[in-house]
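So that the names make sense, note that chain A is the first sequence line, chain B the second, and so on, each numbered from 1.
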Amino acid sequence: MAGAASAFFLLDIKGRVLVWRDFRGDVSAVQAERFFTKLIEKEGDPETQDPVVYDNGVTYIFIQHNNIYLMTASRQNCNAASLILFLHRVVDVFKHYFEELEEESLRDNFVVVYELLDEMMDFGYPQYTEAKILSEFIKTDAYRMEVTQRPPMAVTNAVSWRSEGIRYKKNEVFLDVVESVNILVNSNGQIIRSDVVGALKMRTYLSGMPECKLGLNDRVLLEAQGRSAKGKAIDLDDIKFHQCVRLARFENDRTISFIPPDGSFDLMTYRLSTQVKPLIWVEAQVERHSRSRIEIMAKARSQFKERSTATNVEIELPVPSDATNPNVRTSMGSAAYAPENDALLWKIKSFSGGKEYMLRAEFSLPSITAEEAAPERKAPIRVKFEIPYFTVSGIQVRYLKIIEKSGYQALPWVRYITMAGEYELRLV
Amino acid sequence: MAPPAQSQRSQSPSQPSSKGEVSDLKLQLRQLAGSRAQGTDDSKRELFKKVISYMTIGVNVSSLFSEMVMCSATSDIVLKKMCYLYVGNYAKGNPDLALLTINFLQKDCRDEDPMIRGLALRSLCSLRVTNLVEYLVGPLGLGLKDNNSYVRTVAAIGVLKLYHISASTCIDAEFPSILKNLMLNDPEAQVVANCLSALQEIWSSEASTSEEASREREALLSKPVIYYFLNRIKEFSEWAQCVVLDLVAKYVPSDSNEIFDIMNLLEDRLQHANGAVVLATIKVFLHLTLSMNDVHQQVYERIKAPLLTLVSSGSSEQSYAVLSHLHLLVVRAPILFSSDYKHFYCQYNEPSYVKKLKLEMLTAVANESNTYEIVTELCEYAANVDVPIARESIRAVGKIALQQYDVNAIVDRLLQFLEMEKDYVTAETLVLVKDLLRKYPQWSHDCIAVVGNISSKNVQEPKAKAALIWMLGEYSQDMLDAPYILESLVDNWDDEHSAEVRLHLLTAVLKCFFRRPPETQKALGAALAAGLADFHQDVHDRALFYYRLLQYNVSVAERVVNPPKQAVSVFADTQSSEIKDRIFDEFNSLSVVYQKDLEVQTPYLTQGLKILQPSYMFTDKEHRGPFEFSEELGSLSVGAESADNVVLAQRVEASDNDLLLNISEKEESRGPSNNGSAYSAPLYDSSSISLVVSQTQSELTFPNPALPAHAPQASLAIDDLLGLGFPAALAPAPSPSSPPLKLNARAVLDPATYQRKWKQLPVSLSQECSLSPQGAAALTTPQVLLQHMQSHSIHCIASGGQPPKFFFFAQKAEEPATFFLVECIITSSSKAEIKIKADDQSTSQDFSALFQSALSKFGMS
């Protein structure tokens, strides 16, 4: 059995209970608060920050979001993974309702918070956590609720993620193919780890119950259809779909067919573990000239085709925490010292393919250092960027068909973008 | 009238100035209660919101109770909800008000709006006021039959709530059978899911007392029910799917076709976006294929990709939960992830709880082919990131070194750490080098050369200091300065705060003395004097012990302190495989996440286990085996009370599946002549063995007249010396004159009695003994050992599992009522762990000796 939660808490940054729902009466708010404030006080000691903590017969599972902690308490041998996911889902629902989930928005909306919690979990068992469904019978603005509320009718029909009777004047679908590149390069310049995590993010504004069909240049599919896949087809590892996709159908003939939820959702995620060439390569040399001066020379090179351009490139170069008086010159973009991160932030708005730019920076160091100085943390260089109209995997949407019984024409908009995920290059 | 919404925002964080605010609210509510004017609801809403805000921030607004209830006579749902919330909060503390509340809620349970019916019913069931349960039965019964699915969903959970308030009321009203009916027929998936959750909880807790409930619970795992759920699985919400999958994981299919059918049906669940569903599916796959080795391996291959994705995408909390599971799997199938080790490299920004698990994963997947890369990466962390992780990384390197055969390169790395000259790195490394030397003494020359260069002044952490001192003592002949370093340490005796370090210092000085007497004599004298004057009891005792030992006989002292050492092959802190098996059975639960805690914090462990393992954890398994015998063995673990028994029950439970298979085989092979529960054996006089044993014992008896009573055996004396406590002093020493123990060769014990005894008796002896190499080689099948032991009048009642595990028993020849029960696990090729329980505690020592001698003879003949 999955095990049930005893209580649900929303706590502020100091660990005080803001709102809580007691399901089973075997964990009190006082007990939880006392435990949690103690835990927070100990912060800094990483041992205590596991998201699953056991104390005096109770298991607390918590996550942090902005200045809020969301926590469940349980006395049973419950399913940790599932409860953690549930907490994240709660965050999503609150975000849907209040734009942003933080202490302020909670305090302003106690009533809705209670209403939502009531429907999301009953006696410790998760119930409805789809924001779309919940918003059908829990409205934020009480004044606008002239119509009598119905119970969640959507849950009673077969398509639980979409309710009937949705109407739009203009029927549109936006599909964003977003790939984030995770890369780790060691100090010898070797790539020790790289992978790509992709997501097909959809925003639908469609009337009725539309039936959608998505075609990708998936190698397995193309081969099944007897088409020769000349270098264009791709192999995707471990594909995951939103619950609306008919998985059985995909298993059979690799067609992705679905009735989409209304609004935005992740249709599909996938992973590629093939070796990826670093799209932006950064090298840095750090020289300590004397005890009081340090010089950093960095070179950034774009390693993609010239017709693509990376935008909003941000290169974070680590500098010693006690560096002062920055003196920076760049051949492109601007660089600013960010002492709060112990880093120099080099920003390049637009970085086309096949280019190389330089940065030279000088810092002063205090000539006297504390004897018992904390060991230096050698942080890596970190890079952020976005490359529109480009995917690393080469995934392409071949078609997106939308069929609704009323026969309207819907416009699909497809966009590709590649961005940096965990993109780290270790310093020499 | 009520203030507008904006003002509430500024008010809410602050406390109302005085009671005046509350009484003001009361007045306003009263005015509105009777009013039927337009816009009344809006004003009420504002007031209610205020009340709820006060309630949430902890202001006592219970005095408004009657006004709130009066005002809630409305069709406005939000007002209703706020009112339910309010009464739910205050009714429990005020029984008078509770009755009022119940009337009001009962009325709403009959409202024409299904939303209100549902909400009222939920609030009604959540009140938890014991003396008012009778009012719940009616509305619940109606709710379960309601034509609206929302109300039924609420009612299903409501039944469970009622059960927790008053189990008898719930059972008497026959709600479980109504729920069952609903579960199997309702068109709405969420109703079905809630019924399932409720029934599982109710029947699991009823099963211990009611035959019927346990039958019903079993019926949940029957083929038609499981198939019913499987066929509907796509209708369920993601959370309900988890519940269903968890149920399916307990199902025992009748043949392999069925297993494949189920897996084919569920295959697509591995692509579900919700990680919890994916994990639950993985559990099903793993459990279904437990008995099919090759398919089980294929399953591992299949689940690899989804698991790795779950680790690298999603929240770090999710990574944490998934990594805990991966760690469990990797221990069972190390080869599985050995080529994917790069997925476990740490990112700079990851929280340290994720990093720690990743380090554990890296340690676990390391093998010959990837060790170099992994250790290189770990060395990077040792220099790079934050200190706790750096320490963990060094420990990880050490662990890898301890599990590898080719440690050459790793030792070099470790020695490089020592040259980094960072205090914490040096400290961690010293501890590791010490452990490494205990396992691979052949490396001593390389290590000692480097360790000798470390100034003891730079080592402050007690553990590291103790390790350094141990090496100084152990390798004093190879380290030129050893006596002088030790001497300077002894000189600073008073500045040394850790008793552990002082204990080690005493021993090291003495060891050094035996190797280089002239140089160490002075230090030894100083150390013994300082030790005798030490305020710490253990240090004082050890110093005194050494002193007397030296006084008595120097060569005996040398034999005690400096015996020839054997390399340690396995360190005891490695978790036993049974516990791992148990955790595996609990896949997808907290047991997996806690595995580390269970291992490290032992006092907390026993307490934790008791709480973490509610009865269902044990009883689930009762239903698995198709054999009659299995139920009995399985139930051995049910209701285990003491901490001791909990651990035991775990072990039995963990491998009972394996055991069962074996027993059934054996039963078949034995044929009908034997009824399968008791075996007879040829008569055998065992007195000769026991004589031999008692002789060896007396030889070993420590000759020092100062300590005879406390140290009957040399090994115990050494334990003592190492500060490990006084087991010998506490246990009654076996008197050498006691008559030799004779066993009844035709002993008979039926399994049920065996279980009963095993449950009742405390463990009287638990120790490790050795198996001869010939014996280990001969142990190709369990049967060989069984026959051998039987020839020594020790009978086997059950065996099996991996590592091989046996349950033996023997009966005292003269006293038929005295049985000895033994659990024996062959932990490695030459070691066996035995646990003995005896009706007559005083003879268990004798029996243990007899048992061990029988065991050591195995394979000799």
Next item on the list: Please test Lys240(A) against Val278(B) for side-chain contact (heavy atoms from CB on, under 4.5 Å), starting from the C-alpha separation and ending with a verdict.
Entry: CA-CA 10 Å; Lys240(A) 283 206 168 54; Val278(B) 177; 3.8 Å; yes
Engaged part of [X] at the chain A interface, taking heavy atoms whose separation is under 4.5 Å:
X: Thr153(B); value: side chain
X: Tyr320(B); value: side chain
X: Leu119(B); value: side chain
X: Thr309(B); value: both
X: Leu160(B); value: both
X: Glu350(B); value: neither
X: Val354(B); value: neither
X: Asn194(B); value: side chain

Next item on the list: Would you please test Trp239(B) and Ser82(A) for side-chain contact (heavy atoms from CB on, under 4.5 Å) and show each step?
Entry: CA-CA 8 Å; Trp239(B) 312 112; Ser82(A) 148; 4.0 Å; yes
Next item on the list: Name the member of His242(A), Met268(A), Gln127(A), Arg16(A) that forms the most heavy-atom pairs with chain B at distances under 4.5 Å.
Entry: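 Among His242(A), Met268(A), Gln127(A), Arg16(A), the one with the most close pairs to chain B is Gln127(A).
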Notebook entry, point to check: So which of Tyr114(A), Tyr270(A), Phe250(A) has the biggest tally of heavy-atom pairs under 4.5 Å with chain B?
Noted result: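 Answer, by heavy-atom pair count under 4.5 Å with chain B: Tyr114(A).
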Next item on the list: May I ask you to say whether Asp195(A) pairs ionically with Lys342(B), meaning some side-chain N is under 4.0 Å from a carboxylate O?
Entry: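 Salt bridge absent between Asp195(A) and Lys342(B).
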Next item on the list: List for me each residue that meets ring pair (Phe, Tyr, Trp, His ring centres under 6.0 Å) alongside Phe123(A), sequence neighbours excluded, and say none if there are none.
Entry: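 With neighbours one apart ignored, the set is His164(B).
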Margin query: Asp26(A): which residues meet the salt bridge (Lys or Arg N to Asp or Glu O under 4.0 Å) condition with it, sequence neighbours left out?
Written below: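 Applying salt bridge (Lys or Arg N to Asp or Glu O under 4.0 Å) to Asp26(A) gives none.
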Notebook entry, point to check: Just wondering, do Gln271(B) and Val245(A) contact through their side chains at under 4.5 Å, heavy atoms?
Noted result: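 Counting from C-beta outward, Val245(A) and Gln271(B) never come under 4.5 Å.
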Notebook entry, point to check: Can you check whether His65(A) reaches Ser315(B) side chain to side chain, under 4.5 Å on heavy atoms?
Noted result: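 The answer is no; the side chains never approach within 4.5 Å.
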Next item on the list: Give the C-alpha distance, both sets of side-chain angles, the deciding distance and a yes or no for salt bridge (charged side-chain N to carboxylate O under 4.0 Å, His left out) between Lys80(B) and Glu115(A).
Entry: CA-CA 11 Å; Lys80(B) 286 273 187 203; Glu115(A) 281 184 68; over 6 Å; no
Note to self: Does Glu238(B) form a side-chain contact (heavy atoms from CB on, under 4.5 Å) with Thr129(A)? I'd like the steps, not just the answer.
What the structure shows: CA-CA 9 Å; Glu238(B) 45 200 348; Thr129(A) 50; 3.6 Å; yes
